[in-house]
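Scroll down for the structure; my scribbles are underneath it.
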Amino acid sequence: MQSMVFFYLETTGLDIKRCDIIQLAAISGNRTFNMYMMPQVAIERGATALTGFRVQNGKLFQNGRAMDTAILHEALASFLDFLWSLEQPVLLAAHNARRFDIPVLDRALFRCSLNEEFQQLGSRFLDTLPLSRALHPGLGSHSLPSLSNHFLGRCYNAHDALEDVTALQELYIWWDPDPLDESIFSF
DNA sequence: TGCCAGGCCCTCTTTAGGGCCTT
């Protein structure tokens with residue numbers, strides 16, 4: 001029996017070759033993971049506007065509240081510990097995972113020389129964005145807030161990684177996709 | 001000063017362009 005893990009990143013921007021991870025959150029059943037990291041590159045203005053993250057005097061703030069941060073290596077090592085603590089194998093799911101979350105996470109793992117340890121997990125990935133488009137082709141928008149609003153009937157605090165993964169897990173449970181559909185969008 | 005990515009998908013397409021999705 002595999003563990004389904006929904007994960008999300010808040011980053012300094014959209015350029016996957018340059019951005020740093022600020023927040024990494026994951027949820028599997030009722031087990032959650034959530035850590036904040038001090039970015040090494042400037043947070044783009046647009047990212048601050050959306051996420052509320054700002055660095056001031058060497059400290060990370062979210063919407064004016066000082067956050068406890070770890071260095072990137074510590075946070076990623078803790079994330080790997082979290083994944084190892086789950087029933088194996090692990091299926092890691094994120095919204096637009098293939099184009100955004102996975103390349104950003106890959107690059108961060110490589111920078112911290114943790115990529116080989118991550119590969120030992122043998123995790124597979126699932127991108128819920130193309131899955132959503134395949135399951136619900138008539139929908140105008142497949143952004144996570146739109147999907148949450150449409151299927152769960154509520155808005156939530158988008159652009160906080162823990163809120164995002166919680167919504168994504170609820171959405172996935174609601175969808176209850178056919179295992180075949182799930183496998184088509186896994187890699 | 002002002003702006004800053006990128007790859008997939010769709011269509012009024014394929015000798016292209018624009019919208020979507022992520023921060």
Side-chain angles (χ1 to χ4, degrees), chain A residues 5-27 33-56 59-65 67 69-70 72 75-76 79 91-111 123-152 155-172 174-175 177 181-187:
Chain A
V5 182
F6 299 89
F7 77 106
Y8 235 90
L9 308 176
E10 301 298 344
T11 69
T12 55
L14 292 175
D15 186 345
I16 59 173
K17 294 187 178 72
R18 296 165 52 98
C19 69
D20 273 1
I21 301 171
I22 300 174
Q23 184 186 12
L24 167 58
I27 187 167
F33 176 91
N34 186 29
M35 288 189 80
Y36 300 88
M37 284 140 273
M38 180 63 70
Q40 300 303 302
V41 300
I43 302 174
E44 288 178 11
R45 207 174 300 171
T48 292
L50 278 178
T51 65
F53 285 115
R54 184 188 304 276
V55 172
Q56 221 162 10
K59 195 139 180 66
L60 179 70
F61 292 82
Q62 186 179 29
N63 299 319
R65 191 160 66 96
M67 310 302 291
T69 56
L72 180 63
L76 292 178
F79 182 53
L91 179 63
L92 279 162
H95 207 59
N96 205 17
R98 187 186 281 275
R99 304 281 160 248
F100 189 76
D101 298 79
I102 292 172
V104 173
L105 181 63
D106 267 347
R107 190 166 55 84
L109 287 166
F110 189 80
R111 272 169 62 191
S123 303
R124 301 190 73 225
F125 292 101
L126 171 67
D127 192 334
T128 55
L129 175 59
L131 176 65
S132 175
R133 286 175 171 148
L135 291 176
H136 311 289
L139 281 181
S141 170
H142 294 267
S143 70
L144 189 54
S146 292
L147 293 171
S148 175
N149 190 45
H150 181 84
F151 289 102
L152 307 176
C155 299
Y156 71 100
N157 182 21
H159 304 299
D160 176 275
L162 190 56
E163 297 279 342
D164 284 330
V165 283
T166 302
L168 186 58
Q169 180 174 251
E170 287 180 25
L171 201 56
Y172 197 82
W174 175 263
W175 285 348
D181 287 325
E182 184 183 288
S183 66
I184 289 171
F185 296 100
S186 302
F187 46 95

Sequence-distant partners of [X], ring-ring contact (aromatic ring centres under 6.0 Å, His included), two or more places apart:
X	result
Phe6(A)	Tyr172(A)
Phe33(A)	Phe79(A), Phe82(A)
His150(A)	none

Roughly how many Å apart are [M] and [N], using the [atom1] atom of each and rounding to a whole number?
N	M	atom1	answer
dC4(B)	dG19(B)	P	15 Å
dC20(B)	dT15(B)	C1'	25 Å
dT22(B)	dC3(B)	P	24 Å
dC12(B)	dG6(B)	P	28 Å
dG18(B)	dT13(B)	P	13 Å
dC8(B)	dT14(B)	C1'	16 Å

Establish, with yes or no, whether the OP1 or OP2 oxygen of [N] is under 4.0 angstrom from a side-chain nitrogen or oxygen of [X].
X	N	value
Arg133(A)	dC21(B)	yes
Ser141(A)	dC21(B)	yes
Lys17(A)	dG6(B)	yes

d([atom1], [X]; [atom2], [N]) in whole Å:
X	N	atom1	atom2	result
His95(A)	dC20(B)	NE2	P	13 Å
Ile21(A)	dT23(B)	CD1	C1'	12 Å
Glu44(A)	dC3(B)	CD	P	14 Å
Ile16(A)	dT22(B)	CD1	P	15 Å
Phe7(A)	dT22(B)	CZ	P	14 Å
Phe100(A)	dC21(B)	CZ	P	15 Å
Asp101(A)	dT23(B)	CG	P	7 Å
Gln62(A)	dT23(B)	CD	C1'	13 Å

**Q.** Asn96(A) side-chain proximity, nearest of dT23(B), dC8(B), dC21(B)
**A.**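 For Asn96(A), the side-chain atoms sit closest to dC21(B).
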Q. Which nucleotide in the set dT22(B), dT23(B), dC21(B) lies at the smallest distance from any side-chain heavy atom of Ala47(A)?
A. dT23(B)
Q) Step by step, would you call Asp127(A) with Arg133(A) a salt bridge (charged side-chain N to carboxylate O under 4.0 Å, His left out)? A) CA-CA 11 Å; Asp127(A) 192 334; Arg133(A) 286 175 171 148; over 6 Å; no
Q: Using a 4.0 Å heavy-atom cut-off across all strands, classify Leu144(A) as base, sugar-phosphate, or nothing.
A: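 Leu144(A): backbone/sugar contact only, no base atoms under 4.0 Å.
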Q. Counting any heavy atom closer than 4.0 Å, what does Ile43(A) reach on the DNA or RNA strands: base, sugar-phosphate only, or nothing?
A. nothing
Q. How do Arg98(A) and Tyr8(A) order along DNA chain B: which one's closest nucleotide is nearer the 5' end?
A. Arg98(A)
Q: Between Arg45(A) and Ser143(A), name the one whose nearest nucleotide on DNA chain B is closer to the 5' end.
A: Arg45(A)
Q: Identify the heavy atoms of Ala97(A) and Pro103(A) that sit nearest to each other, and give their distance.
A: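 Looking at all heavy atoms of both residues, the closest pair is O-CD, 3.6 Å.
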Q.
Check whether Arg107(A) reaches the backbone of Ile16(A) with its side chain - one donor and one acceptor, N or O, closer than 3.5 Å.
A. yes
**Q.** Residues in side-chain contact (heavy atoms from CB on, under 4.5 Å) contact with Ala25(A), at least two apart in sequence or another chain
**A.** Asn34(A), Ala161(A), Leu162(A), Val165(A)
Q | With Ser143(A) via side-chain contact (heavy atoms from CB on, under 4.5 Å) - residues at least two apart | A | Ser141(A), Pro145(A), Ser146(A)
Q. Between residues 123-131 of chain A and DNA chain B, which residues have a heavy-atom gap below 4.0 Å?
A.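 Only Leu129(A) qualify.
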